[in-house]
2 protein chains.
Amino acid sequence: MDIKKKIEKHNIKATIARVSLLEIFSQAQKPLSYEDIKPELKMDKATFYRNISLFIDAGLLNSFESNDKKRYFELKSHPHAHFICRVCNSVECIDNLNITLQEYQIENIIINGLCKQCTVRK
Amino acid sequence: MDIKKKIEKHNIKATIARVSLLEIFSQAQKPLSYEDIKPELKMDKATFYRNISLFIDAGLLNSFESNDKKRYFELKSHPHAHFICRVCNSVECIDNLNITLQEYQIENIIINGLCKQCTVRK
DNA sequence: AAAAAAATGCGACTCAGTCGCAAATAAGGA
DNA sequence: TCCTTATTTGCGACTGAGTCGCATTTTTTT
Ligand SMILES: [Mn+2]
Ligand SMILES: [Mn+2]
Ligand SMILES: [Zn+2]
Ligand SMILES: [Zn+2]
């Protein structure tokens, strides 16, 4: 099991709850919110958030907030931006975007607006 | 009173609550959260949010969310990005930043990371 | 002045997220 | 294996933002 080792590599015990949680994010093609995950969640809400925090602190997960008050989580990979559509609420990873700010240290970029589809339909 | 006319120009009745609310944002130098405003708020929470929504729909206010689950509001002026520091939670307006995404329509950009001060202290 | 329309306050509610605590599970040592 | 201790989990209570219905107040119209 790849995921189990990945967790243990960060000095975190690979409990059933934690493995199943990280499995969800490994299979996902895009960032997920608690609302997205809830239906298939096997653990309690408190345990969910405790483990999410644990993963984030360990550098296994990333989180960011959309403009409609939802918090999204995804596997931490290479740094990249996210686009969130105001109309259809879709979340997209934006890879080819290079932004630097002198003296600032950028960790996350969220762009809000209209996605391709919703821009066309205007 | 400039503010009263500004509100009426958008076909919104300039009630006392609304004028006082927009006055707060006019005097502010940076985006404000509900938590920031609450102490000096004269109106009920529900009225506050109803009027905020009204202003946003009318294009008088902008809103965006930080990564620490706070929603910020500010007077809508020229389009610009915002930087939110993970450490000191400061919010800064970033003016000289030009980002375009083909086929997307950008309305808001939020950058998370470490601000100048917090970058130095590392 | 009376009637209609709009804005407000109040209370109840939802929902994400947090926390303390007790039960359950895992780890370690004898 | 049995006992002890540390860690994790579930549960319940709680907080705080935001929403909603409804009655009251304020404003507008006739
Ligand atoms: Mn992504
Ligand atoms: Mn700004
Ligand atoms: Zn869209
Ligand atoms: Zn800072």
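Letters A, B, ... mirror the listed sequences (proteins, then strands); counts begin at 1. All values derive from a computational prediction rather than experimental measurement. No hydrogens, no waters, no symmetry mates; every other heavy atom, side chains included, goes into these values.
Straight-line distance from the CZ atom of B:R71 to the P atom of D:dG16: 18 Å, rounded to whole Å. Atom CD1 in B:I12 sits about 17 Å away from atom P in D:dT27, given to the nearest Å. For the pair B:L41 CG and C:dG9 C1', the interatomic distance rounds to 13 Å; values are reported in whole Å. As rounded to whole Å, 19 Å separates atom C1' of C:dT25 from atom NZ of A:K42. If you take CD of A:E8 and C1' of C:dA27, they are 14 Å apart, rounded to a whole angstrom. A straight line from NZ of B:K70 to C1' of D:dG18 spans 16 Å, rounded to a whole angstrom. Between the C1' atom of D:dT7 and the CD1 atom of A:I7 lies a distance of 15 Å, rounded to the nearest Å.
Contact check of residues 43-52 of chain B against DNA chain C (heavy atom, cut-off under 4.0 Å) returns B:M43, B:D44, B:A46, B:T47, B:R50, B:N51.
Between A:F55 and A:R18 the shortest heavy-atom distance is CZ-O, 3.7 Å. Taking all atoms of both residues into account, the shortest heavy-atom contact from A:N67 to B:E65 is OD1-N, 3.2 Å.
Taking the salt bridge (Lys or Arg N to Asp or Glu O under 4.0 Å) definition, one finds that B:E8 meets it with nothing, sequence neighbours left out.
Contact between the side-chain N/O atoms of B:K38 and the OP1/OP2 oxygens of D:dA17 is found at a separation under 4.0 Å. A close approach under 4.0 Å does occur between a side-chain nitrogen or oxygen of A:R18 and OP1 or OP2 of D:dT8. For B:T15 and C:dA6, the shortest distance from a side-chain N or O to OP1 or OP2 is not below 4.0 Å.
If A:L54 and B:I16 are placed on DNA chain D by their nearest nucleotide, the residue sitting closer to the 5' end is A:L54.
In this pair, B:Y49 and B:F73 present their aromatic rings perpendicular. The plane angle is above 60°, beyond the 30 to 60° band.
Looking at B:H78 and B:D95, their side chains do bring a donor and an acceptor atom within 3.5 Å of each other. For the 3.5 Å distance criterion, the side chains of A:T47 and A:D44 fail to qualify, holding no donor opposite an acceptor.
Of the candidates A:I110, A:I109, A:I106, B:N112 forms a side-chain contact (heavy atoms from CB on, under 4.5 Å) with just one, namely A:I110.
Summary of helix geometry: the two end axes of the helix from C:dA1-D:dT30 to C:dA30-D:dT1, each defined by five base pairs via their C1' atoms, are inclined to each other by 10° (rounded to 10°).
Salt-bridge annotation for A:E107 and B:R86: present, with a side-chain N of the basic residue lying under 4.0 Å from a carboxylate O of the acidic one. Salt bridge A:K70/A:E35: present, at least one basic N to carboxylate O contact under 4.0 Å.
Among the nucleotides D:dA17, C:dA16, C:dA6, the one closest to the side chain of A:E35 is C:dA16.
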